[in-house]
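Residue indices begin at 1 and follow the sequence shown. All heavy atoms count here, side chains included; hydrogens, waters and symmetry mates do not.
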Amino acid sequence: MEHINAIKDLTSKFDEIPQDLHKGEKFAQIYATHRPTYPQEIYEKILAYHSEIPQNKRLLAVDVGCETGQSTRPLTKYFQQVIGSDVSEDQLSIIPRNAPNLDYKVAYAEDLNFLGDKTVDMVTVATALHWMDYKKFFSEARRVLKPDGTLAVYSMFHENFEHPEVRAYIAQLQSTIFSGYLTTRFRMILEKFQSLEFPFKDIRRHDDIIKTGELTLDGIVGYLASFHYTKLFADDNPDRDILAEMKQSLQEIFQKSNHHLTEPVKVKVNWYYFVILCRN
């Protein structure tokens with residue numbers, strides 16, 4: 001994990017979260033198309049933990065900071081009703097409305113005023129806690145959760161491309177042109193929230209859950225475009241087509257590569273996730 005440690009040491013232009021970070025229909029579409037979904041193992045661990053308490057029901061789950069719904073839609077298989085909430089109307093607007101037990105709300109994580117006290121069986125937060133005022137959010141989660149209800153925090157925190165030149169190129173991007181755009185909040189994920197105090201009971205952690213897949217050249221570019229640092233750089237440099245630059249660089253890498261790659265080029269990648277579970 002030398003690459004993760006190197007990112008942690010970089011300075012950032014953004015100590016505070018830019019207000020327009022998750023705005024824009026284009027970014028929302030990129031996020032919906034290219035962000036990997038969450039592995040089934042995560043939901044199995046969450047549900048097993050939740051079911052340890054006999055009185056825990058599966059009536060209502062609320063996915064806070066749901067973005068484009070990658071973490072929300074899977075919950076509909078397990079709960080009678082699911083609500084996804086996010087501050088970005090652009091993100092919520094492109095989510096398919098094809099599940100009868102699924103609803104979405106525009107709301108700040110720190111003010112879940114559409115929910116009554118002790119009405120929620122489970123609150124989930126997927127790759128979003130680092131953008132929140134977590135102390136205020138924890139207070140809201142404790143308010144809305146039923147006694148012994150579950151808070152599940154999970155996130156992707158690292159990826160590993162099996163193609164060494166691609167891996168080196170991404171590390172170079174993050175340490176050079178993107179270095180000032182890696183917000184300090186992002187580094188909380190790299191540390192897997194080890195420094196946060198969760199004001200709940202029976203806290204358990206599961207690290208290094210792995211999902212394996214393949215990405216084409218366009219898939220790699222789209223995946224990189226889904227990160228906040230790429231968007232911040234693009235917003236800050238409107239005359240520079242960073243996505244086209246990344247695609248050109250990757251094409252050159254593949255052309256020079258010693259690896260026997262067939263068309264269309266597909267590169268294996270492992271995504272690493274962690275889960276934090278606790279009870280109200």
Undergrad: Can you measure from NZ (K57) to NE2 (H50) and round to the nearest 0.5 angstrom?
TA: 9.5 Å
Undergrad: For residues F114 and I83, determine if any side-chain heavy atom of one lies less than 4.5 Å from a side-chain heavy atom of the other.
TA: yes
Undergrad: If you define the side chain from C-beta out and look only at heavy atoms, does anything of Q91 sit under 4.5 Å from Y31?
TA: yes
Undergrad: Answer yes or no: is there a side-chain heavy-atom contact under 4.5 Å between D207 and Y273?
TA: no
Undergrad: Which distance, rounded to the nearest 0.5 Å, do you find between the CG of D202 and the OG1 of T150?
TA: 9.5 Å
Undergrad: Taking the six-membered ring for Trp, are Y181 and F233 parallel (under 30°), tilted (30 to 60°) or perpendicular (over 60°)?
TA: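 Answer is perpendicular, since the angle exceeds 60°.
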Undergrad: Report yes or no: do Y229 and Q174 form a side-chain donor-acceptor pair below 3.5 Å?
TA: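 Yes - a donor-acceptor pair under 3.5 Å links their side chains.
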Undergrad: Tell me whether E89 at atom CD has more than 12 heavy atoms from other residues, nucleotides or ligands lying less than 6.0 Å away.
TA: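 No, not enclosed.
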Undergrad: So with a 6.0 Å cut-off around CD of Q80, is the heavy-atom count from everything else above 12?
TA: no
Undergrad: So, S249 side chain and M246 main chain: donor-acceptor pair closer than 3.5 Å or not?
TA: no
Undergrad: Please determine whether a side-chain nitrogen of the Lys or Arg among D117 and R143 lies less than 4.0 Å from a carboxylate oxygen of the Asp or Glu.
TA: yes
Undergrad: Okay, side chain of D86, backbone of E67: is any donor-acceptor separation there less than 3.5 Å?
TA: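 Judged by distance alone, yes, a pair lies under 3.5 Å.
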Undergrad: Return yes if some donor-acceptor pair links the side-chain N/O of T230 with the main-chain N/O of L224 below 3.5 Å, else return no.
TA: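 It does hold such a pair.
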Undergrad: Could you tell me if the side chain of H228 sits less than 4.5 Å from the side chain of W131, heavy atoms only?
TA: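 A side-chain contact exists here, since the closest heavy-atom pair is under 4.5 Å.
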Undergrad: Tell me whether R279 is salt-bridged to D148, with the criterion being a basic N under 4.0 Å from an acidic carboxylate O.
TA: no
Undergrad: Does the cation-pi check pass for R205 over F193, that is, NZ or CZ under 6.0 Å from the six-membered ring centre and within 45° of its axis?
TA: no
Undergrad: Ring centres under 6.0 Å, that's the criterion: do Y38 and Y154 meet it?
TA: yes
Undergrad: Taking all non-hydrogen atoms of both residues into account, name the closest pair between G84 and C66 and its distance.
TA: C-SG, 3.6 Å
Undergrad: I'd like to know if E41 pairs up with K45 as an ion pair, taking the criterion as any Lys NZ or Arg NE/NH1/NH2 lying under 4.0 Å from an Asp or Glu carboxylate oxygen.
TA: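 So E41 pairs with K45 through a salt bridge.
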Undergrad: Ignoring hydrogens and geometry, is there a side-chain-to-backbone donor-acceptor pair from S51 to A48 under 3.5 Å?
TA: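 Between the backbone of A48 and the side chain of S51 there is no qualifying donor-acceptor contact (under 3.5 Å).
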Undergrad: Determine, step by step, whether H163 and I253 satisfy the side chain to side chain contact (heavy atoms under 4.5 Å, CB included) criterion, reporting the C-alpha distance in whole Å, the side-chain angles of both residues, the deciding distance to 0.1 Å, and the verdict.
TA: CA-CA 10 Å; H163 192 298; I253 287 172; 3.9 Å; yes
Undergrad: State whether the side chain of E140 and the backbone N or O of L112 hold a donor-acceptor pair below 3.5 Å, judged by distance alone.
TA: yes
Undergrad: Grab the two heavy atoms, one from H206 and one from I209, that are nearest each other, plus how far apart they are.
TA: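 Nearest pair, atom of H206 first, then I209: CB-CD1, 4.4 Å.
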Undergrad: Supply the atom-to-atom distance L250 CG to E245 CD, rounded to the nearest 0.5 angstrom.
TA: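 Reported to 0.5 Å precision, the distance equals 12.0 Å.
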Undergrad: Do we see a donor-acceptor contact under 3.5 Å between the side chains of Q70 and T68?
TA: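 Yes, T68 and Q70 have a side-chain donor paired with an acceptor closer than 3.5 Å.
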Undergrad: Verify whether one side chain among Q248 and E252 offers a donor that lies under 3.5 Å from an acceptor in the other.
TA: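 Per modelled atom types, Q248 and E252 side chains form a pair under 3.5 Å.
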Undergrad: Answer yes or no: is there an ion pair linking E159 with K211, defined by an N-O contact shorter than 4.0 Å?
TA: no
Undergrad: Kindly compute the distance separating CZ (F79) from CE (M122), expressed to the nearest 0.5 Å.
TA: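 It comes to 3.5 Å.
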Undergrad: Taking K247 first and then D218, would you say they form a salt bridge - that is, a charged N and a carboxylate O separated by under 4.0 Å?
TA: yes
Undergrad: Do the ring planes of F138 and F198 sit parallel (below 30°), tilted (30 to 60°) or perpendicular (above 60°)?
TA: tilted
Undergrad: What distance separates I242 CD1 from F178 CZ, expressed to the nearest 0.5 Å?
TA: 4.5 Å
Undergrad: Within the distance-only criterion (no hydrogens, no angle test), does the side chain of D241 pair as donor or acceptor with the backbone N or O of A244 below 3.5 angstrom?
TA: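 Between the backbone of A244 and the side chain of D241 there is a qualifying donor-acceptor contact (under 3.5 Å).
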Undergrad: Report yes if the side chains of Y104 and S93 come closer than 4.5 Å at any heavy-atom pair, otherwise no.
TA: no
Undergrad: Taking the side chain from N280 and the backbone from L145, do they hold a donor-acceptor pair closer than 3.5 Å?
TA: yes
Undergrad: Please tell me whether H158 and W271 form a close aromatic pair, meaning their ring centres lie under 6.0 Å apart.
TA: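 No; W271 has its ring centre 6.0 Å or more from that of H158.
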Undergrad: Measure the OG-CD1 distance between S155 and I42 for me, rounded to the nearest 0.5 Å.
TA: 8.5 Å
Undergrad: Using atom types as modelled and distance alone, determine if a side-chain donor or acceptor of T33 lies under 3.5 Å from a backbone N or O of Q29.
TA: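 Checked: pair present.
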Undergrad: Where the side chain of H34 meets the backbone of V221, is there a donor-acceptor pair that is under 3.5 Å apart?
TA: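 No: the side chain of H34 does not pair with the backbone of V221.
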Undergrad: Using a 6.0 Å distance limit plus a 45 degree cone around the ring axis, check whether R142 lies over the aromatic ring of F137.
TA: no
